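One structure is given below, encoded as structure tokens.
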Amino acid sequence: IRQESEVVSTITAICALAIALITSALLPVDIFLVSFMKFPNGTYKEWAANNETRGQIEDTVLYGYYTLYSIILFCVFLWIPFVYFYYEERDDDNMNKCSQVKNALKYTIGFAIVCVVLLLIGIGGRGYGLPALSFSISSLTLIGMLAVITYTAYGMSVLPLNLIKGTRSVAYERLENTEDIDDVEHQIENLKSKCKDGRPLSSRDRHNLQELEGKLQVLRRRGRHLEIAERNCCTKVGSALRPFKILLGVFFILVALLFTVALFISNLDKALHSAGISSGFIVFGTNLTNPLNELLLALQPVFPLDYILITVITMYFVFTSMAGIRNMGIWFFWIRLYKIRPKRTRPQALLFLCMILLLIVLHTSYMIYSLAPQYVMYGSQKYLVQMPSAGPTSGNATFGTTRICDADAPEDQCIVTRSYLFLHKFWFFSTIYYFGNWAFIAAFLVGLVVSCCRGKKSVIEGEVEADDSDVSDDEYVH
């Protein structure tokens, strides 16, 4: 039963996450298509000169978003909840399969009702299709924003610093653990010696004895794990790759700082030059130089390069998010729901992890817009502006000059990406995302300070804890 639940949970997680990653991959395709319609001089190419042709291409991209976002809604509100509750009910040995399916469906219907309510609110008199789907996806992206602030911001600091600092020596940890075991055993013997003459132990001594025996159990389990780690080939290979890990850690921290600086500049631009809260802090044109925006615009004309960079950014967010979740576990406010540990993660925890990563990938589209607003909105499009010629003999003559597309451009001269329309259909979501970006920057800086202050982590970090059972430990060891 356990093996079956693990396989189903793993397949569910892989499929749902794959759909989210494919959706994020549609962003650079969307940007490429609107940019490819024009020449560098700002004029439309022959095949794109017709409004009808451009409309058909834009509609094709829009239908792609409709399809993928609908599948995401199906995953979040139906598929994942059903699998989660089915195996949650299966933990009860007294329940038959029919009752498990019924109970799982009962809870899943609650999620389906939430989905319908979100779609109806999105319709809200604005018509069908885009508004309904945009509101539902934006609501999920809002939850993704909270996950990004909680896990990704911390993971962006903890992952590179753990790579740079490395782990403690296994031999030293085993020696230290052996000394701790001897010390605890000595304390237990001292307590037990008090009742050798038949006198019962006081309640305080009994409590201390119970605590010490529990501590000894954990230390012995820790000793077994350290012994396995010392024999493990991965530990020896990890030590040999130490210089590479340091370089990778330095690269990751530089990337994290680049993202943070780009996000800060983008938010500062919105704070100084946007129309305010009521407009969702939308900036009409780029007023401050954003390094990542300039880099993407420079790479965009050569199709694969910006696509590769967007993919790298998305996967970077996924890996740092996983590092954050791995170090923190899955929490609901102050309650720890699940731990994420090698070979011993529960199927339900895997589904929770999948849901969190899916929502984080959804929010990645808005994060990329925040990091490179000009690129996401218009790509590398330019438009022609007729300027009067200078000089006394020029008369009424004019000359054409090209400008980078912005909100001041004529509507038929610059095409906005479909992704941007999804992201900014409702101004209040944009306002919340704006403040969320400031919270993300603050969380990253706090996480960076905390990670810097912490020492090297154990080579078996998170594998042995006081609330583990001997059964789960034996499964891991064997």
Side-chain angles (χ1 to χ4, degrees), residues 1-25 67-116 136-137 140 143-144 147 151 314-315 317-319 321-326 328-332 335-362 364 462-463 467-469 471-478:
I1 290 173
R2 180 175 175 180
Q3 189 176 6
E4 180 198 332
S5 63
E6 285 173 351
V7 170
V8 173
S9 299
T10 303
I11 292 170
T12 300
I14 290 169
C15 292
L17 197 55
I19 293 294
L21 290 170
I22 291 167
T23 307
S24 67
T67 305
L68 291 168
Y69 279 142
S70 298
I71 295 171
I72 285 173
L73 288 181
F74 170 75
C75 290
V76 171
F77 290 105
L78 292 173
W79 186 12
I80 296 174
F82 177 78
V83 175
Y84 176 86
F85 288 116
Y86 178 76
Y87 287 109
E88 190 73 16
E89 294 295 325
R90 199 163 186 169
D91 287 344
D92 186 355
D93 296 329
N94 299 321
M95 195 171 287
N96 59 42
K97 189 166 280 191
C98 186
S99 300
Q100 288 166 11
V101 172
K102 281 181 182 177
N103 284 341
L105 282 172
K106 181 175 67 177
Y107 293 124
T108 306
I109 286 168
F111 279 84
I113 291 169
V114 173
C115 181
V116 171
S136 303
I137 293 298
L140 293 180
I143 303 170
Y151 297 113
T314 303
M315 294 314 297
F317 279 128
V318 170
F319 285 130
S321 301
M322 288 178 73
I325 296 168
R326 170 74 177 81
M328 294 174 66
I330 297 171
W331 293 75
F332 182 74
I335 302 167
R336 190 178 195 176
L337 299 178
Y338 298 106
K339 303 167 192 171
I340 305 296
R341 293 182 294 178
K343 301 181 185 178
R344 288 192 296 165
T345 302
R346 292 185 65 191
Q348 293 93 328
L350 190 63
L351 291 168
F352 248 102
L353 174 64
C354 159
M355 182 79 86
I356 291 169
L357 289 175
L358 190 151
L359 296 173
I360 285 171
V361 171
L362 268 184
T364 301
E463 288 181 16
D467 57 352
D468 293 339
S469 65
V471 175
S472 66
D473 188 62
D474 289 340
E475 284 175 3
Y476 178 85
V477 170
H478 294 304

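Along the sequence shown, the residues carry numbers beginning at 1. Computed from a prediction, not measured in an experiment: that's the story for all the values here.
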Over all atoms of both residues, closest heavy-atom pair of Y151 and S321
CB-O, 4.1 Å
Enter the distance from I14:CD1 to I19:CD1 here, rounded to the nearest 0.5 Å.
13.0 Å
Roughly how far, to the nearest 0.5 Å, is the CG atom of L353 from the CZ atom of R326?
11.5 Å
Tightest non-hydrogen contact, residues A20 and I72, listed as CA-CD1, 4.2 Å
When every non-hydrogen atom of M355 is compared with those of V76, the smallest separation belongs to CE-O, 3.6 Å
Point-to-point distance, once rounded to the nearest 0.5 Å, from CD1 of I22 to OG1 of T67
12.0 Å
To the nearest 0.5 Å, what is the distance between CG on L357 and CZ on F319?
10.5 Å
Distance, nearest 0.5 Å, that separates CG of L351 from CG of L358:
11.5 Å
Can you check side chain to side chain contact (heavy atoms under 4.5 Å, CB included) on L350 and S9, steps first, answer last?
CA-CA 7 Å; L350 190 63; S9 299; 4.1 Å; yes
Side chain to side chain donor-acceptor pair (under 3.5 Å) against T23, all qualifying residues, sequence neighbours excluded
none
Taking every heavy atom of A349 against every heavy atom of I330, the minimum-distance pair comes out as O-CD1, 3.7 Å
Just to verify, what does L78 make a side-chain contact (heavy atoms from CB on, under 4.5 Å) with, not counting sequence neighbours?
F74, T108, A112
Between OG on residue S24 and CD1 on residue I360, distance to nearest 0.5 Å
13.0 Å
Identify the heavy atoms of P81 and C75 that sit nearest to each other, and give their distance.
CD-O, 3.6 Å
Applying the ring pair (Phe, Tyr, Trp, His ring centres under 6.0 Å) criterion to Y107, which one of F85, Y86, F77 satisfies it?
F85
Below 6.0 angstrom between ring centroids: does that apply to F111 and F82?
no
